[in-house]
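First the structure, in the form of structure tokens, and then the observations on it.
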Amino acid sequence: KKKKLQKIKIEIELELQRLNTKQEAIKVLANAMYGYLGYRHSRFLANGMAALIAQQGREILQRTVEIVEKSGKDSIIYGDTDSVMINSGTTDPIKALAKGKEIAEIVTSQFDYLRFGVEGVFLKMLVVSKKRYVALVYDGPGKSHQLTKGIELIRRDWCGLTKYVSAFILEQFLYS
């Protein structure tokens, strides 16, 4: 019985990984299609469609911000394209996750064809500028990983010392 439950748990984990991979692939394809529609040398140039997609994205993001603010639950820290980061007002990651799920349900109920979810809980976060941040992401009790977006630690035109010092400073911020 225990082996059977363990097998089912593994199968569920694999299915979740498969679905997440599929979701990420669709997101990458959708972003590539949007980019190609607006690329001036594209065979399928359609600036109007690219502009409409961008406008719809902005409207959804703005409406999401308004819904969250009206709910009085929490405040928006950062929003960009396909995500909104919220200050849950707690340092307990379990409580933060629960609040995130509650907010996701509230926002989802206001849209017909969109479903919102919680992608992660950030234990610490440093926002440098738009699309440039680093965060320590909660993975479970005593587990976390670093998420880096737009922070140029791996540029080939930077000297090794600059990369090393930058990585060291970020590590000190995140892990101390």
Side-chain angles (χ1 to χ4, degrees), residues 16-140 144-155 170 173-174:
L16 287 172
Q17 288 175 355
R18 186 189 71 76
L19 290 171
N20 194 50
T21 300
K22 185 176 179 180
Q23 165 194 285
E24 289 294 324
I26 291 169
K27 181 179 172 181
V28 167
L29 287 170
N31 281 326
M33 177 58 94
Y34 160 70
Y36 197 63
L37 288 172
Y39 176 55
R40 69 181 177 138
H41 297 297
S42 167
R43 280 183 150 180
F44 306 106
L45 177 64
N47 282 328
M49 285 181 69
L52 178 63
I53 292 167
Q55 176 191 352
Q56 291 294 304
R58 281 190 301 273
E59 286 177 12
I60 290 167
L61 181 62
Q62 186 57 46
R63 189 164 161 211
T64 301
V65 168
E66 290 167 5
I67 293 166
V68 170
E69 288 175 347
K70 271 186 193 172
S71 75
K73 298 286 181 190
D74 301 287
S75 59
I76 302 289
I77 294 173
Y78 176 80
D80 187 26
T81 313
D82 64 350
S83 61
V84 175
M85 296 174 195
I86 298 168
N87 180 355
S88 65
T90 180
T91 57
D92 180 343
I94 305 299
K95 289 180 182 175
L97 183 60
K99 283 185 121 186
K101 287 179 180 180
E102 181 184 341
I103 292 167
E105 286 178 25
I106 291 168
V107 175
T108 296
S109 72
Q110 301 298 309
F111 289 92
D112 292 328
Y113 302 104
L114 296 175
R115 186 164 190 278
F116 292 76
V118 178
E119 192 171 310
V121 173
F122 294 166
L123 301 172
K124 284 187 177 180
M125 182 178 187
L126 174 66
V127 178
V128 178
S129 63
K130 185 177 181 180
K131 297 187 185 225
R132 296 181 65 212
Y133 60 89
V134 62
L136 186 61
V137 183
Y138 177 76
D139 292 327
S144 61
H145 72 275
Q146 181 176 324
L147 174 65
T148 305
K149 297 281 183 174
I151 306 294
E152 300 153 333
L153 296 177
I154 55 172
R155 286 182 55 135
L170 287 175
F173 167 74
L174 291 174

Subject >> Distance (rounded to the nearest 0.5 Å) between Leu97 CG and Thr90 OG1 >> reply: 11.5 Å
Under 3.5 Å, sequence neighbours excluded: what are the donor-acceptor pairs made by side chains of residues 18-33?
{"from": "Arg18", "atom 1": "NE", "to": "Glu15", "atom 2": "OE1", "distance (Å)": "3.1"}
{"from": "Arg18", "atom 1": "NH2", "to": "Glu15", "atom 2": "OE2", "distance (Å)": "2.7"}
{"from": "Asn20", "atom 1": "OD1", "to": "Gln23", "atom 2": "NE2", "distance (Å)": "3.3"}
{"from": "Thr21", "atom 1": "OG1", "to": "Gln17", "atom 2": "O", "distance (Å)": "2.9"}
{"from": "Lys27", "atom 1": "NZ", "to": "Asp82", "atom 2": "OD2", "distance (Å)": "2.5"}
{"from": "Asn31", "atom 1": "ND2", "to": "Lys27", "atom 2": "O", "distance (Å)": "3.3"}

Original post:
Do Gln146 and Thr148 have a side chain donor and acceptor closer than 3.5 Å?
Top reply: yes
Original post:
Does the Asn87 side chain pair with the main chain of Ile76, one donor and one acceptor, at a distance under 3.5 Å?
Top reply: no
Subject >> Ile94 CD1 to Lys99 NZ distance, which is reported to the nearest 0.5 Å >> reply: 14.5 Å
**OP:** Could you tell me whether the side chain of Val121 reaches within less than 4.5 Å of the side chain of Val137, counting heavy atoms only?
**Re:** no
Subject >> Ala98: partners by side-chain contact (heavy atoms from CB on, under 4.5 Å), with sequence neighbours left out >> reply: none
Original post:
Shortest non-hydrogen contact from Ile77 to Ile86?
Top reply: CD1-C, 3.9 Å
**OP:** Hey, could you give me the NZ/OG distance between Lys95 and Ser88, rounded to the nearest 0.5 Å?
**Re:** 10.5 Å
For residues 103-116, please give each side-chain donor-acceptor pair under 3.5 Å, one per line with the distance, not counting sequence neighbours.
{"from": "Thr108", "atom 1": "OG1", "to": "Ala104", "atom 2": "O", "distance (Å)": "2.8"}
{"from": "Thr108", "atom 1": "OG1", "to": "Phe116", "atom 2": "N", "distance (Å)": "2.8"}
{"from": "Ser109", "atom 1": "OG", "to": "Ile106", "atom 2": "O", "distance (Å)": "2.6"}

Atom pairs and distances, donor-acceptor, side-chain atoms in residues 37-51, under 3.5 Å, two or more places apart:
{"from": "Ser42", "atom 1": "OG", "to": "Tyr36", "atom 2": "O", "distance (Å)": "3.0"}
{"from": "Ser42", "atom 1": "OG", "to": "Phe44", "atom 2": "N", "distance (Å)": "2.9"}
{"from": "Ser42", "atom 1": "OG", "to": "Leu45", "atom 2": "N", "distance (Å)": "3.4"}

**OP:** Report the C-alpha separation of Phe122 and Leu147 in whole Å, then their side-chain angles, then the decisive distance to 0.1 Å, and conclude whether the side-chain contact (heavy atoms from CB on, under 4.5 Å) test is met.
**Re:** CA-CA 9 Å; Phe122 294 166; Leu147 174 65; 3.9 Å; yes
Tell me which donor-acceptor pairs under 3.5 Å the side chains of residues 123-136 have, and how far apart each pair is, sequence neighbours excluded?
{"from": "Lys124", "atom 1": "NZ", "to": "Phe173", "atom 2": "O", "distance (Å)": "2.9"}
{"from": "Lys124", "atom 1": "NZ", "to": "Ser176", "atom 2": "O", "distance (Å)": "2.3"}
{"from": "Arg132", "atom 1": "NE", "to": "Gly150", "atom 2": "O", "distance (Å)": "3.1"}

Subject >> Point-to-point distance, once rounded to the nearest 0.5 Å, from CD of Gln56 to CD of Glu59 >> reply: 5.0 Å
**OP:** Identify, with sequence neighbours excluded, every residue that meets side-chain hydrogen bond (donor to acceptor under 3.5 Å, both in side chains) alongside Asp92.
**Re:** none
Subject >> Atom CD of Glu119: over 12 foreign heavy atoms under 6.0 Å >> reply: no
